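Let me begin by presenting the structure, written as structure tokens, before commenting on it.
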Amino acid sequence: MFCPQCEEEYSWDVMVCPVCDVDTVDRLPGPEPTPDAELVRVLATGDAGLIAIAHSLLEGENIDYFVRGDGLQDLFGVGRLTSFSYAMGPAEFWVRAEDAENARALLEGLTEPSRKPSEP
């Protein structure tokens, strides 16, 4: 529990801040949203496996992201047959401009074609 006035943290059973005499809350309010944040596309893929890996990598690094078209990959079962929905296009991962470099480094190599070993 937190006091919204002095921002002190208390155990779960403290309902009123002993310092401020204000009701405690479960969490303090976060930063104000920035609706005009610049977004940058860092990955576009129709492969469901790569989409899952990208979700995991970005969440693991606490990078906020937005995915456009993720739920449409399997629309009417087309995505199951081809692993890509030609009607809807690829799923696109978008991040804030200040996180783009780090996100691209994390996702680097996810869309590179696999290389065949060279023959001796």
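Small disclaimer: the values here were computed from a predicted structure and weren't measured.
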State, to 0.1 Å, how close [X] and [Y] come at their nearest heavy-atom pair, and which atoms those are.
{"X": "Leu28", "Y": "Cys3", "result": "CD2-O, 3.6 Å"}
{"X": "Val40", "Y": "Ala97", "result": "CG2-CA, 3.7 Å"}
{"X": "Val16", "Y": "Val14", "result": "O-CG1, 3.3 Å"}
{"X": "Ala91", "Y": "Val67", "result": "CB-CG1, 4.2 Å"}
{"X": "Arg104", "Y": "Arg41", "result": "NH2-O, 3.2 Å"}

**OP:** Answer whether the closest heavy-atom distance between the side chains of Met1 and Asp26 falls below 4.5 Å.
**Re:** yes
Subject >> Val19 and Gln5, any side-chain heavy atoms less than 4.5 Å apart >> reply: no
Quick check for you: to the nearest 0.5 Å, what is the distance between [X] atom [atom1] and [Y] atom [atom2]?
{"X": "Glu8", "Y": "Cys6", "atom1": "CD", "atom2": "SG", "answer": "5.0 Å"}
{"X": "Leu58", "Y": "Leu107", "atom1": "CG", "atom2": "CG", "answer": "5.0 Å"}
{"X": "His55", "Y": "Leu50", "atom1": "NE2", "atom2": "CG", "answer": "11.5 Å"}
{"X": "Asn102", "Y": "Glu61", "atom1": "CG", "atom2": "CD", "answer": "6.0 Å"}
{"X": "Leu43", "Y": "Leu106", "atom1": "CG", "atom2": "CG", "answer": "11.5 Å"}

**OP:** Could you tell me how the ring of Tyr65 sits relative to the ring of Phe93: parallel (under 30°), tilted (30 to 60°) or perpendicular (over 60°)?
**Re:**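 The arrangement is tilted - the two ring planes meet at 30° to 60°.
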**OP:** Verify the cluster assignment for Leu57 and Trp94: are they in a single hydrophobic cluster under the rule of side-chain heavy atoms below 4.5 Å apart?
**Re:** no
**OP:** Could you state whether Ile63 and Leu39 fall into the same hydrophobic cluster, counting links through intermediate Ile, Leu, Val, Met, Phe, Trp or Tyr residues with side-chain heavy atoms under 4.5 angstrom apart?
**Re:**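 No; tracing contacts between hydrophobic side chains, which count when under 4.5 Å, never links both residues.
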**OP:** Please say whether more than 12 non-hydrogen atoms of neighbouring residues, nucleotides or ligands are located less than 6.0 Å from CD in Glu98.
**Re:**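 Counting neighbours around CD of Glu98, more than 12 heavy atoms of other residues, nucleotides or ligands fall under 6.0 Å, so yes.
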Original post:
Does CD in Glu59 sit with more than 12 non-hydrogen atoms of other residues, nucleotides or ligands closer than 6.0 Å?
Top reply: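 Yes - once you tally the heavy atoms of other residues, nucleotides and ligands closer than 6.0 Å, there are more than 12.
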Subject >> Side-chain (Thr24) to main-chain (Met15) donor-acceptor, under 3.5 angstrom >> reply: yes
